[in-house]
Amino acid sequence: MNIALIFAGGTGQRMNTKTTPKQFLKLHEKEIIIYTIEHFENHPDIDAIVVSCIAQWIPYLKSILKRYGIKKVEWIVEGGSTGQQSIYNALEKIEQEYPEESIVLIHDGVRPLINDRIISENIECVKKSGAAITVAPSVETVITIKQDGDLDRISDRSACMMAKAPQSFYVKDIISAHKRALQENKNDFIDSASIMSHYGYQLKTVVGGYENIKITTPSDFYIFRAIIEAKENSQIFGI
């Protein structure tokens, strides 16, 4: 089986929204998380979707899933205090309900600009190599700095990639890594690629587009809106 794990446990503090978490902000009257889930809902190779969500927003999520006719979301679990915890909560449910040889595609609820190719190539990459990390080439010069703020090193941009999502694995591998992290009280991994790399798993990459952004700030939302409206205009006017 191929299972999408959508984690949407964040409160969106950097979006400056006081009442609505960023994943539930609307563009053209549709919530960001619905834009995201629809990619997996409509992909023929995705068998099920599990969502990790802020507890008090679960009833609302259920209502909009029904409104938009989403059928593949089989489980919604409570999110945690961190992204790592939110992912683990969903992985626990996946481990209970699906075969351990299933492939899980872990994806941010606020990363709505993926496409069928990225999903398909993640699945095929896991089958071939055991793991798939979606990336995009760096378009800016990457530097590292010393603790005092001085420049340490300028990296070769041609060798730099930006980690994106989905990040995909066999269920048995990613749940094993999470359990080890819990046992060792390591709770500050920034993403699934980091936790898997830490525990020695070999990671292969799937190159995606620059537009595969995570909507974290107001500027990200404006970029998302511009891309969606450009695509809609292209379909309507053929431009």
Side-chain angles (χ1 to χ4, degrees), residues 1-9 36-53 70-80 82-109 111 114-136 161-208 212 214:
M1 294 188 71
N2 301 316
I3 304 153
L5 187 168
I6 310 298
F7 62 101
T36 301
I37 290 174
E38 282 180 336
H39 290 291
F40 297 95
E41 172 77 16
N42 297 328
H43 195 287
D45 294 333
I46 296 297
D47 301 299
I49 302 170
V50 178
V51 182
S52 180
C53 181
I70 303 296
K71 304 296 185 184
K72 290 184 181 179
V73 174
E74 296 187 353
W75 303 98
I76 301 173
V77 302
E78 290 187 13
T82 65
Q84 182 179 333
Q85 184 64 55
S86 293
I87 291 170
Y88 179 71
N89 291 354
L91 285 172
E92 275 195 309
K93 174 57 69 174
I94 290 170
E95 183 185 36
Q96 293 167 9
E97 302 294 338
Y98 305 103
E100 66 173 9
E101 294 293 335
S102 298
I103 292 172
V104 58
L105 294 84
I106 300 174
H107 195 75
D108 305 271
R111 200 182 287 273
I114 57 168
N115 54 48
D116 284 354
R117 177 189 66 80
I118 291 176
I119 294 172
S120 295
E121 290 188 8
N122 266 260
I123 294 170
E124 292 307 310
C125 187
V126 174
K127 289 179 179 178
K128 182 179 179 180
S129 303
I133 308 303
T134 307
V135 299
M161 291 281 181
M162 308 299 291
K164 303 283 188 176
Q167 299 183 354
S168 307
F169 316 92
Y170 285 112
V171 169
K172 62 179 182 178
D173 293 334
I174 185 65
I175 192 70
S176 175
H178 269 268
K179 287 179 177 179
R180 286 184 65 182
L182 281 175
Q183 291 169 357
E184 297 171 10
N185 199 31
K186 297 181 184 296
N187 53 20
D188 58 351
F189 287 104
I190 193 169
D191 62 5
S192 298
S194 299
I195 193 170
M196 292 294 277
S197 178
H198 178 80
Y199 289 113
Y201 290 89
Q202 184 66 37
L203 307 180
K204 299 294 185 179
T205 58
V206 170
V207 179
N212 184 12
K214 181 180 178 181

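Note that the coordinates shown come from a computational prediction; the quantities given were computed from them, not determined experimentally.
Two rings, from Phe189 and His178, have their centers 6.0 Å or more apart.
Considering every non-hydrogen atom in both Thr36 and Asp108, the closest pair reads CG2-O, 3.5 Å. Looking at every heavy atom in both residues, Glu92 comes nearest to Ile175 through N-CD1, 4.1 Å. Between Ser168 and Asn122 the shortest heavy-atom distance is OG-OD1, 2.8 Å. Listed here is the closest heavy atom pair of Lys71 and Glu41: N-OE2, 3.0 Å. Here the closest heavy-atom approach between residue Val50 and residue Ile3 is recorded as CG2-CG2, 4.2 Å. Heavy atoms only, all atoms of each residue included: Gln202 and Ala131 are closest at O-CB, 3.7 Å.
A heavy-atom distance below 4.5 Å is not found between the side chains of Trp75 and Gln96. Looking at Ser52 and Ile6, their side chains never come closer than 4.5 Å, going by heavy atoms from C-beta outward. In this structure the side chain of Ile119 never reaches within 4.5 angstrom of the side chain of Asp45, judged on heavy atoms.
Salt-bridge check for Lys128 with Glu124: failed, with every basic side-chain N at 4.0 Å or more from each acidic carboxylate O.
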Report the C-alpha distance between Glu74 and Lys93 in whole Å, list the side-chain angles of each, state the deciding distance to 0.1 Å, and finish with yes or no for salt bridge (charged side-chain N to carboxylate O under 4.0 Å, His left out).
CA-CA 10 Å; Glu74 296 187 353; Lys93 174 57 69 174; over 6 Å; no

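Under the side-chain contact (heavy atoms from CB on, under 4.5 Å) rule, Lys164 has a single partner from Asp191, Asn212, Ile118, which is Asn212.
Judged by distance alone, with hydrogens and angles left aside, the side-chain atoms of Asn42 form a donor-acceptor pair with the main-chain N or O of Glu38 at under 3.5 Å. No donor-acceptor pair closer than 3.5 Å links the side chain of Lys204 to the backbone N or O of Ile133. With hydrogens and angles ignored, the 3.5 Å screen pairs no side-chain donor or acceptor of His39 with any backbone N or O of His43. Checked by atom type and distance alone, the side chain of Gln167 never pairs as donor or acceptor with a backbone atom of Ile106 at under 3.5 Å. A donor-acceptor contact shorter than 3.5 Å links the side chain of Ser102 to the backbone of Pro99. Using modelled atom types, no side-chain atom of Glu101 and backbone atom of Val171 make a donor-acceptor pair closer than 3.5 Å.
Atom CE of Met1 is separated from atom CG of Asp47 by 4.5 Å, given to the nearest 0.5 angstrom.
For Met161, the CE atom sits in a packed shell: over 12 heavy atoms of surrounding residues, nucleotides or ligands are nearer than 6.0 Å. Within a 6.0 Å sphere centred on CD1 of Ile190, other residues, nucleotides and ligands contribute 12 heavy atoms or fewer.
A donor and an acceptor atom, one from each side chain of Ser86 and Asn89, are nowhere located under 3.5 Å apart.
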